[in-house]
Amino acid sequence: QVQLVESGGGLVHPGDSLRLSCADSGRTFSSFVMGWFRQAPGKEREFVAAFNWRAANTLYADSVKGRFTISRDNAENTVYLQMNSLNPEDTAIYYCAAYRVLYGNIGVSGRRSAYDYWGQGTQVTVSS
């Protein structure tokens with residue numbers, strides 16, 4: 001059973017940085033694509049970034065390119081989302097998500113329907 005747990009959310013000011021973490025205790029993510037989505041009040045859940053653990057390929061939403069970075073820590077079996085230059089439009093609940101990939105699959109999906117496992121979410125609020 002995959003159980004994703006996010007952490008690192010909080011209240012920050014515009015221009016600040018924040019790092020989110022996602023882990024599943026005792027599990028390696030080597031056969032997964034790991035992604036981050038977010039949902040702002042009254043809006044649909046949208047793709048933010050994703051990472052294919054096997055192939056080290058990444059995919060980003062246009063709205064976060066150049067500001068957000070998804071990365072991994074192999075030793076800690078943790079995926080991070082480094083968020084820089086935050087603005088109020090980044091305010092949302094951020095969700096970690098994952099789906100399994102077969103060996104040799106280097107693709108990364110930004111489609112919500114591709115992801116089978118979801119965390120409970122962590123709130124990020126950007127406000128002056």
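- Aromatic pair F37/W118: centroids less than 6.0 angstrom apart.
- Between Y95 and Q120, every side-chain heavy-atom pair lies at or beyond the 4.5 Å cut-off.
- At a threshold of 4.5 Å between non-hydrogen side-chain atoms, the residues Y99 and S109 count as touching.
- Counting heavy atoms from C-beta outward, R72 and W53 have side chains that approach closer than 4.5 Å.
- Atom CZ of R38 and atom CG of L81 lie 9.5 Å apart (nearest 0.5 Å).
- D73 and T78 share no side-chain donor-acceptor pair at under 3.5 Å.
- Contact annotation: the side chain of N87 approaches that of R67 to within less than 4.5 Å [non-hydrogen atoms, C-beta and beyond].
- Side chains of L86 and F68 form a contact here, defined as non-hydrogen atoms less than 4.5 Å apart.
- Atoms OH and CZ, on Y115 and F32 in that order, are 12.5 Å from each other to the nearest 0.5 Å.
- By the 4.5 Å heavy-atom criterion applied to side chains, V79 and I70 are counted as neighbours.
- In this structure, Y117 OH and R100 CZ are separated by 4.5 Å, a value rounded to the nearest 0.5 Å.
- Contact check for E6 versus S21: no side-chain heavy atoms found under the 4.5 Å cut-off.
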